Amino acid sequence: MHRYRSHTCGALRDSDIGKDVRLSGWVHRVRDHGGVLFIDLRDHYGLSQVVADPDSPAFKHVEKLRAEWVVKIDGKVRRRPAGTENAELPTGAVEIYINEVEVLGPAGELPMPVFGDQEYPEEVRLKYRFLDLRRDRLHANIMKRGAIIDSIRRRMKEGGFFEFQTPILTASSPEGARDFLVPSRLHPGKFYALPQAPQQFKQLTMIAGFDRYFQIAPCFRDEDARADRSPGEFYQLDIEMSFVTQDDVFNAVEPVLRGVFEEFAGGKKVTPKFPMIPYADAMRDYGSDKPDLRNPIKMQNVSDAFRGSGFKIFANILAADAKNEVWAIPAPTGGNRAFCDRMNSWAQGEGQPGLGYIFWREGEESGAGPLAKNIGPERTKQIAEQLGIGVGDACFFIAGNPKDFVKFAGPARIRVGEELSLVEKDQFAFCWIVDFPMYEWSEQDKKIDFSHNPFSMPNIEPERFLALDPNDNDTILGLKAVQYDIICNGIELSSGAIRNHRPDVMKKAFAIAGYPEEVLEEKFGGMLRALSLGAPPHGGIAPGIDRIVMLLCGEENLREVVLFPMNQRAEDLLMGAPSEVSQKQLRELHIRLSLPDSK
RNA sequence: GGGGGCGUAGCUCAGUUGGUUAGAGCGCUGCCCUGUCACGGCAGAGGUCGCGGGUUCGAGUCCCGUCGCUCCCGCCA
């Protein structure tokens, strides 16, 4: 017999009755009745009930076992007495009568129990991650993650993509996030950077003629964490394709994502054909470039109903600047004062002066609330008709420059949907966001800057782009890039683009953003050289693996789907990273510390 | 860098308008129990109330500071 086990803890069935078996695993739960003693023995594969009574030679040893000890037991499989079977367990028809027990790995008192489903503080969970990972939910999440990645790989390969590995130690690049730096021992004063993404490498792979690239790629960014943004490192399904248009990318990627989601959604609906929403429409309808389409509310411009109306606050805002508008957030079924007041005080909590509203109820079909009285029944009716709402419904209004107020309007729309339970949770609602602006005005630097990835192709004829007057801000700020995002349930899974593969266009693009050719040459010299020596048109995308797994596991936080995550301050409490290093190590790297003052 | 929430036993939490020896469940220790699967019963150990300072006759409770965790903003595809 094998030193540790003849079967796993999830394997035994009634067909095994009478066999002498050996199991190894963790003591999940002990139920000691004095005369008879049950242990649920757990391993990766499942749970088996093992039992001992005073007739067993092992009884006095079994009595000493405690939760999470690792033990090996020898025993005989027997049918459970009639009426004591456990239908919850695949092994529930049988039990193993213990003849011998060996302790392989005892455990001290546990800082957090594995049994049960009580919640524990992150700090304890992360410090004892290996205990947390023994628990059902996390164990299942991590296994599901693996299955999802397998499925993605299979689907990508079926789509004619090949998997590549790209360097982890590379050069710092000026755009995007803060880099993690790695000092060079051989080159004093110089540093490698960990890649924020293999962006340039995948483009170079296309230029090298490989045609269809993918990689489950680790990415490193030294930025602060969020619930849906791991600190430091995360994985992307990195994809790049040659000789493609935007549609080709969509047609390659959409079936992979839809297929993976359908496979792992557990019966939840998945958008059959992802709609394409221009960036400007998304901002206007949803107040966000990552709209949660499970929420049916669409906002509308109702400026006409307020222009020159008796509601002076809004009328004056509209008169003050042609760019100002009044937007309506329709709130179907929200037609009561209590709800409207609740939204109003929520808005005040968000730092707004308030949230104007009209609601319609029986007996006041022409609209109730102070705002309705100010603008009169005719304009109120006009609004109701435009929005297609009526008795039982409400509507909220926001006035000003949409550019500024979307930051509040978007969350307000989400809030209305949540409060009124209009959000259909049992689905994965996808969409593409397309036609992103190429440039934006940087208030901070008082200049035009790239609004997304600087390697994206502007969405106009190259000759017209090259002919642009760099001082023609209006035209430049109106330019679109062939740049797209994919959104699921309001979470941005990815962004991608058709790349700028023409050096002349790239030089011009950087010049408009205020980067002289020398900077471009210095920072992206390799890339420019590559583009100058026969670059195919190419493009791609890079969906976030962790976010995909998070959605499919129904989790709200990335830490629930990452094997060994760091905490919000980018510390690994289990391994103790980051840590101090020895003077010798620093000397080898020609580094002297200059620490901030601390008391 | 900024804002919100939390911090009481190993763990999860309760703790009244400031008032005597700070409680419960799980876990732990000991005893009892031959069919449980959240087994049950009895007894017991275990607490600088995150830390520092202040107000007060008296602080877990009020005030100030500080530290830790977390969520968000900034930042970031």
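Fair warning: this is a prediction, and the values are worked out from it, not measured in the lab. Chain naming here is simple, since letters A, B, ... match the order of the sequence lines and numbering starts at 1 in each.
At the heavy-atom level, A:Arg559 lies under 4.0 Å from the strands shown only through sugar-phosphate atoms. Heavy atoms of A:Asp179 sit nowhere under 4.0 angstrom from any nucleic acid atom. Using a 4.0 Å heavy-atom criterion, one finds that A:Glu88 contacts no nucleic acid atom at all. A:Asn567 comes within 4.0 angstrom of sugar-phosphate atoms only, judged by non-hydrogen atoms across all strands, and of no base. A:Glu571 comes within 4.0 angstrom of the backbone, heavy atoms only, and of no base. A:Glu68 comes within 4.0 angstrom of no nucleic acid atom, judged by non-hydrogen atoms across all strands.
In this structure, the aromatic ring of A:His33 is not positioned over the six-membered ring of the base of B:U36 within 5.5 Å between centres and 30° between planes.
Out of B:C37, B:G35, B:C69, the shortest distance to the side chain of A:Arg78 is found at B:G35.
The phosphate of B:G27 (OP1 or OP2) has a side-chain N or O of A:Arg29 nearer than 4.0 angstrom.
Annotation: B:C67 and B:G52 have their P atoms spaced 15 Å apart (nearest Å).
Of all non-hydrogen atoms in A:Tyr279 and A:Ile433, the two that sit nearest each other are CA-CG2, 3.8 Å.
For A:Phe450 and A:Tyr439, the ring centers sit closer than 6.0 Å to each other. Here A:Phe180 and A:Phe220 keep their ring centres 6.0 angstrom or further from each other.
Evaluation of atom-type donor-acceptor distances gives a pair under 3.5 Å for the side chain of A:Arg226 against the base of B:G74. The base of B:U34 is not paired with the side chain of A:Arg31 by any donor and acceptor separated by under 3.5 Å.
In this structure, B:G65 forms a base pair with B:C51, meeting either the Watson-Crick or the G-U wobble geometry with both donor-acceptor distances under 3.5 Å.
A salt bridge does not link A:Arg226 with A:Asp228: none of the charged nitrogens is closer than 4.0 Å to a carboxylate oxygen.
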